Amino acid sequence: MAAPKKGRSASAQSKPGRSLALILIAIVGLTGGMFVSGHTTPRLGIDLAGGTSITLEAKADQGSAINKANMDTAVDIMNRRVNGLGVSEAEVQTQGDRNIIVNIPKGTNSAEARKQVGTTAKLYFRPVLAQEATGSAAPSPSASPSGSSSASPSPSASASKSSGEKASSSSSPSASATSQGRAVTDALKADSTPSASASTKAKASPSPSASASGGAASAGAAALQAKYAALDCTDPEVRRKVAEGVKPEDTTVACGEIDKVWYKYLLGPAAVDGTDVKKAQATFDTQGAAGWQVNMTFTKSGGKKFADITGKLAQNQQPQNEFGIVLDGDVVSSPFVQSAITGGQAQISGSFKQEEAQGLANMLSYGALPLTFKEQSTTTVTAALGGDQLRAGLLAGAIGLALVVVYLVAYYRGLALVALASLLVSAALTYVLMALLGPAIGFALNLPAVCGAIVAIGITADSFIVYFERVRDEIREGRTLRPAVERAWPRARRTILVSDFVSFLAAAVLFVVTVGKVQGFAFTLGLTTVLDVVVVFFFTKPLMTLIARRKFFANGHKWSGLDPKSLGAQPPLRRTRRPGGPVAGSVETKEA
């Protein structure tokens with residue numbers, strides 16, 4: 001006897017419950033995650049929920065002209081800084097020839113966004129000549145600065161693991177505190193006038209900027225020393241003005257906050273420029289105690305300069321073996337050096353919080369703005385107009401959905417239940433994912449995104465219609481429902497995948513070439529298109545396999561939407577003897 005052919009979809013017919021259970025478990029899991037995270041509603045864009053609008057005015061910076069090219073570059077950098085993945089819906093656009101408007105939706109960290117948006121991110125590595133804590137919280141300097149050598153990491157650890165670390169302050173510093181560069185040098189103390197021995201020590205120091213401290217007798221050096229002595233970094237107004245007019249080649253004073261204690265610094269000329277940083281990334285040290293840190297990769301020339309300066313600093317005593325990492329006039333870290341750091345890579349580590357490390361890496365990665373910007377105004381945007389538009393959009397969507405339901409019920413009758421159940425599953429997945437993507441990647445639901453979700457109703461309904469029509473075609477050819485469901489699936493599947501691929505490709509192209517609100521439409525359209533494929537494969541098809549076993553549908557009830565007589569089905573397929581068959585009685589199906 002010839003072995004009978006097995007159906008191509010036997011496994012799909014026998015275990016549709018697995019697929020249904022899988023998608024229902026996914027919905028329950030995502031919904032649980034949504035409630036656990038506390039974000040039970042999608043984050044709304046500025047046009048729906050309001051937010052902050054910032055107006056920035058461009059100022060020429062060191063000869064940079066205020067022209068269209070520089071303004072467009074600044075807009076692009078700001079966009080990447082505040083939008084991250086591109087879906088947080090912050091808008092950055094020019095206004096006139098010298099203003100830039102930044103709209104930040106409610107729910108975004110507006111303070112951090114304001115800080116990043118107009119920051120020029122000018123980074124310099126300057127050798128430290130002197131430093132000490134200021135203000136009432138300042139710790140007492142250690143009495144034994146020489147103890148720093150024994151507490152420092154080994155040269156190999158300093159070179160291979162980290163470029164240094166921020167020092168932690170305490171009320172009674174130990175040798176470990178001084179090892180991290182918190183001891184004030186005798187060269188420049190902020191109490192009385194410097195002694196002769198202090199000046200001699202500063203002269204003898206092999207610091208790269210020894211010429212600056214060695215000329216303390218000159219009027220300029222004396223004025224700088226007096227400025228350092230009088231500097232109070234706890235005063236915000238003093239900190240704001242301390243770096244005004246300072247050039248990279250100048251010896252200068254600066255402030256930096258470490259563990260809620262303000263320190264003042266006397267810094268030599270810049271040895272490495274921020275433009276020498278090729279890439280910066282925030283990472284968490286899982287193997288040590290450094291916590292959050294910023295890994296930097298230098299350019300070829302920058303790596304050489306960094307190796308040169310660290311090699312020179314390694315020959316000095318503390319604190320003159322440190323270099324201050326100065327970002328826009330503020331010292332963000334002052335790591336010490338024991339040996340030259342080669343290889344073109346370094347780390348900024350210390351008591352960073354995650355947001356601080358990511359913000360610093362973000363500004364360094366996206367580069368410095370070509371112009372300096374001054375904040376002209378900051379206003380709060382209300383969502384009254386957007387709320388009215390949202391209600392109108394939702395009303396239009398509800399009317400469209402109702403018309404789709406009426407059409408499905410009138411034309412497909414019982415099959416409309418499958419379509420409606422699939423639409424509900426798709427809507428649930430879309431809502432939960434939108435709620436989760438808000439805190440995860442900054443996605444914000446704005447009016448164009450709502451339009452994208454409404455368009456998705458039609459895309460999802462198209463997929464059901466394609467499959468239903470393939471099944472009905474099989475019934476018209478004289479097949480019963482169970483084989484019709486399985487035979488229709490391969491052809492319907494190809495059509496659905498091609499259609500959804502075209503929609504997803506259009507959404508991807510739109511997302512890449514546009515910015516702002518249009519990206520919200522493209523992102524939502526792409527997301528719902530992917531979910532359409534998931535729902536059709538893991539819910540609609542298994543559900544059709546299950547209902548094909550029910551008499552109401554299998555027998556072609558007139559209200560099932562699968563009545564052979566209403567569909568104009570041909571007579572049942574004839575069975576004939578196989579010509580020349582080896583055994584009498586073997587039959588094969590002759591397809592219409």
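Just so it is clear, the structure is predicted and the values come from calculations on it, not from any experiment. Atoms considered below: every heavy atom in the structure, side chains included; atoms not considered: hydrogens, waters and symmetry mates. Residues take their numbers from the sequence shown, with the count starting at 1.
Side-chain atoms of Tyr228 come within 3.5 Å of backbone atoms of Gln131 as a donor-acceptor pair (strictly under, hydrogens ignored).
Separating the CD1 atom in Ile101 from the OG1 atom in Thr55 is a distance of 3.5 Å, to the nearest 0.5 Å. Interatomic distance, Ser377 OG to Glu57 CD, rounded to the nearest 0.5 Å: 10.5 Å.
The ring pair (Phe, Tyr, Trp, His ring centres under 6.0 Å) test with Phe323 singles out one residue from Tyr265, Phe306, Phe336, and that residue is Phe306. Partner Val242 forms a side-chain contact (heavy atoms from CB on, under 4.5 Å) with one of Leu231, Thr252, Asp235 and no other, that one being Leu231. Among Ile325, Thr310, Ile309, Val277, the single residue meeting the side-chain contact (heavy atoms from CB on, under 4.5 Å) criterion with Val272 is Ile309.
In this structure, the side chains of Asn295 and Gln345 stay at 4.5 Å or more apart for every pair of heavy atoms. Ile54 places a side-chain heavy atom less than 4.5 Å from the side chain of Glu375. Counting heavy atoms from C-beta on, the side chains of Val128 and Arg126 never come closer than 4.5 Å. Side chains of Leu56 and Gln376 form no contact here, defined as non-hydrogen atoms less than 4.5 Å apart. Looking at Asn67 and Asn70, their side chains come closer than 4.5 Å, going by heavy atoms from C-beta outward. Between Glu132 and Lys264, the closest side-chain pair of non-hydrogen atoms falls below 4.5 Å.
In terms of the side-chain hydrogen bond (donor to acceptor under 3.5 Å, both in side chains) criterion, Lys227 has no residue partners (sequence neighbours excluded). Residues meeting the ring pair (Phe, Tyr, Trp, His ring centres under 6.0 Å) test with Phe284, sequence neighbours left out: Trp292.
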> How far apart are the C-alpha atoms of Leu30 and Leu433, what are their side-chain angles, what is the distance that settles it, and do they pass the side-chain contact (heavy atoms from CB on, under 4.5 Å) test?
Replying inline: CA-CA 8 Å; Leu30 290 172; Leu433 285 176; 4.1 Å; yes

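Ring orientation note: the planes of Phe523 and Phe443 are tilted relative to one another, at an angle of 30° to 60°.
A cation-pi arrangement is not found for Lys59 relative to Phe373, the charged atom failing to lie both closer than 6.0 Å to the ring centre and inside a 45° cone about the ring normal.
For the pair Asp308 and Lys304, the salt-bridge criterion is met [side-chain N within less than 4.0 Å of a carboxylate O].
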